[in-house]
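First comes the structure, then the notes that go with it.
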Protein chains: 2
Amino acid sequence: MLHEKLNWRYATKKMDPSRPVAPGQLTRILEAIQLAPTSSGLQPFEVIVVTNPEVKAKLRAAAYDQSQLTDGSHVLVFAAWDNYTAERIDAVVAEIARQRGGASDTVTAYYERLKGMYLPRSAAENHEHAARQAYIAFGIAVTAAAFEGVDATPMEGFDPAQVDEILGLRARGLRSVTLLPLGHRAEAGDWLAGLKKVRKPMDALVTKVA
Amino acid sequence: MLHEKLNWRYATKKMDPSRPVAPGQLTRILEAIQLAPTSSGLQPFEVIVVTNPEVKAKLRAAAYDQSQLTDGSHVLVFAAWDNYTAERIDAVVAEIARQRGGASDTVTAYYERLKGMYLPRSAAENHEHAARQAYIAFGIAVTAAAFEGVDATPMEGFDPAQVDEILGLRARGLRSVTLLPLGHRAEAGDWLAGLKKVRKPMDALVTKVA
């Protein structure tokens with residue numbers, strides 16, 4: 001089931017602008033992102049969902065004019081925290097306490113230790129760690145889109161500084177790390193649609209230590 | 001379907017050593033990793049599958065004595081390329097040519113441009129980029145395990161230098177980035193098994209620009 005979906009998907013190069021993603025499909029993709037595992041449950045990123053045509057056009061201009069950004073109905077922007085702060089980590093503990101009816105001493109002590117580890121580190125190191133967590137959710141978003149029959153184009157080819165500026169991310173303590181336009185493939189205009197999916201052979205990917 | 005699996009899984013704290021992962025389950029998890037999308041299809045990582053008890057014990061010692069590393073039947077070690085090199089990128093193009101019966105001029109030119117971009121960058125920057133790709137596959141591996149009814153513990157809490165040493169990764173141009181012990185939960189001994197899964201509310205995770 002999962003493999004069928006992973007084989008169906010590909011980095012769509014041409015989207016059909018006449019076939020938008022339905023609201024229920026978008027919701028389920030966002031819920032999968034919400035469920036993605038992250039280090040210590042921090043979820044150190046946010047997702048900006050862009051449907052505004054002018055903003056999509058600006059994103060396209062900041063991303064080597066890739067047409068999926070305007071032909072797709074939605075663009076998800078994954079934006080990682082620019083740093084770990086006591087306030088951000090305390091908010092995670094508060095959310096745990098809210099949802100579990102209190103935070104145990106073990107949980108509180110765990111996150112205090114985490115602050116002791118993370119807060120002395122550089123913002124750059126902490127952002128990089130946060131970005132890695134966003135990539136876990138990004139991979140799960142691509143998977144979730146496939147389960148919805150929604151095409152997606154995982155995209156790193158853009159100018160993060162420009163995207164941050166377009167969306168006002170820096171002021172919110174966020175930095176864009178990936179884009180994910182969503183839509184439906186326009187196979188006739190997509191050079192990649194008919195090509196075999198290529199992956200490393202298993203023996204080049206995996207080593208066993210038995 | 002996907003959501004049900006993502007809700008079923010959790011970062012298992014206690015594995016039952018009497019219930020190993022079956023070979024077919026392991027194969028399907030590895031196949032999902034193989035199918036994970038990565039930037040330009042480079043798949044810049046390898047996965048070491050450790051079942052050897054002595055090696056698992058050494059990994060445990062390098063990872064704050066976390067018991068899942070020996071109680072689980074398998075440990076997957078995700079190890080990212082330490083750098084991008086012309087040889088590594090050329091091997092990707094060769095594999096595309098092999099599987100598609102030749103590489104088009106477009107494909108060849110694309111990867112030449114990529115070499116122009118990546119090779120002048122520092123090894124640290126390239127490794128970090130490779131690590132992010134490994135995290136995409138890592139998230140999909142966790143998802144795939146859930147589809148198999150296999151428990152897994154996404155794990156960053158270990159000493160990468162020690163793990164690299166234990167597995168001889170540096171000599172192979174690899175650096176460990178995450179561990180993923182696989183097995184089956186021992187619910188009675190797992191403090192986390194009964195607790196509510198906590199995630200940020202959707203309005204704290206998602207902003208819409210419509």
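Every chain is numbered from 1 and lettered A, B, ... according to where its sequence line falls, protein lines coming before strand lines.
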### Message
So, taking the atom named CD in B:E31 and the one named CG in A:L205, what distance separates them when rounded to the nearest 0.5 Å?
### Response
11.0 Å
### Task
Report the option among A:P154, A:S104, A:S39 that has the most heavy-atom pairs separated by less than 4.5 Å from atoms of chain B.
A:S39
### Task
Give, as side chain, backbone, both or neither, the part of B:A36 having an atom under 4.5 angstrom from any heavy atom of chain A.
backbone
### Contact origin within B:L26 toward chain A - heavy atom pairs under 4.5 Å
side chain
## Note on the structure
The interface call for B:H74 against chain A, heavy-atom contacts under 4.5 Å, is neither
### Side-chain heavy atoms of A:R28 within contact of B:H3, under 4.5 Å
yes
### Summary
Cut-off 4.5 Å, heavy atoms of chain B, and the answer for A:P201 is both
### Message
Looking only at heavy atoms and a cut-off of under 4.5 Å, which of A:M155, A:E156, A:E95, A:E46 has the most pairs with chain B?
### Response
A:E156
#### Entry: Interface residue of largest heavy-atom contact number with chain A, from B:T51, B:I96, B:N7, B:V47, under 4.5 Å
B:V47
### Query
How far does OG1 of B:T106 sit from CG of A:L192, to the nearest 0.5 angstrom?
11.5 Å
### Query
Can you name the nearest heavy-atom pair linking A:L2 to B:A32, along with the distance?
CD2-CB, 4.2 Å
### Task
Decide if atom NZ of A:K5 counts as having more than 12 heavy atoms of other residues, nucleotides or ligands within a radius under 6.0 Å.
yes
### Query
Do the ring centers of A:F147 and B:F147 come within less than 6.0 Å of each other?
yes
### Message
Need one label for A:V55: side chain, backbone, both or neither, based on atoms under 4.5 Å from any heavy atom in chain B.
### Response
side chain
### Query
In Å, rounded to the nearest 0.5 Å, how long is the span from CG of B:L30 to CE of A:M202?
5.5 Å
### Task
Please examine the side chains of B:I48 and A:V209, heavy atoms only from C-beta on, and report whether any two atoms are closer than 4.5 Å.
yes
### Query
Does atom NZ of B:K58 have more than 12 heavy-atom neighbours from other groups under 6.0 Å away?
no
### Query
So, do B:V177 and A:R132 sit near enough that their side-chain heavy atoms are less than 4.5 Å apart?
yes
### Summary
Heavy-atom closest pair (A:I136 atom, B:G139 atom, distance to 0.1 Å) is CG2-CA, 3.8 Å
## Note on the structure
What one should report as the nearest heavy-atom pair of A:P37 and B:R9 is CB-NH1, 3.7 Å
### Query
Side chain, backbone, both or neither: which part of A:A134 has a heavy atom under 4.5 Å from chain B?
neither
### Task
Examine whether an atom of A:K197 lies under 4.5 Å from a heavy atom of chain B, and if so say whether it belongs to the side chain, the backbone or both; otherwise answer neither.
both
### Side-chain (A:Q43) to main-chain (B:K200) donor-acceptor, under 3.5 angstrom
yes
### Task
Give, as side chain, backbone, both or neither, the part of B:Y10 having an atom under 4.5 angstrom from any heavy atom of chain A.
neither
### Side chains of A:Q99 and B:R199 in contact at under 4.5 Å (non-hydrogen atoms)
no
### Query
Between B:V142 and chain A, which part of the residue has a heavy atom less than 4.5 Å away: side chain, backbone, both or neither?
side chain
### Note, A:L6 side chain near B:I140 side chain (heavy atom, < 4.5 Å)
yes
#### Entry: Neighbour count >12 (heavy atoms, 6.0 Å) for atom CG, B:D105
no
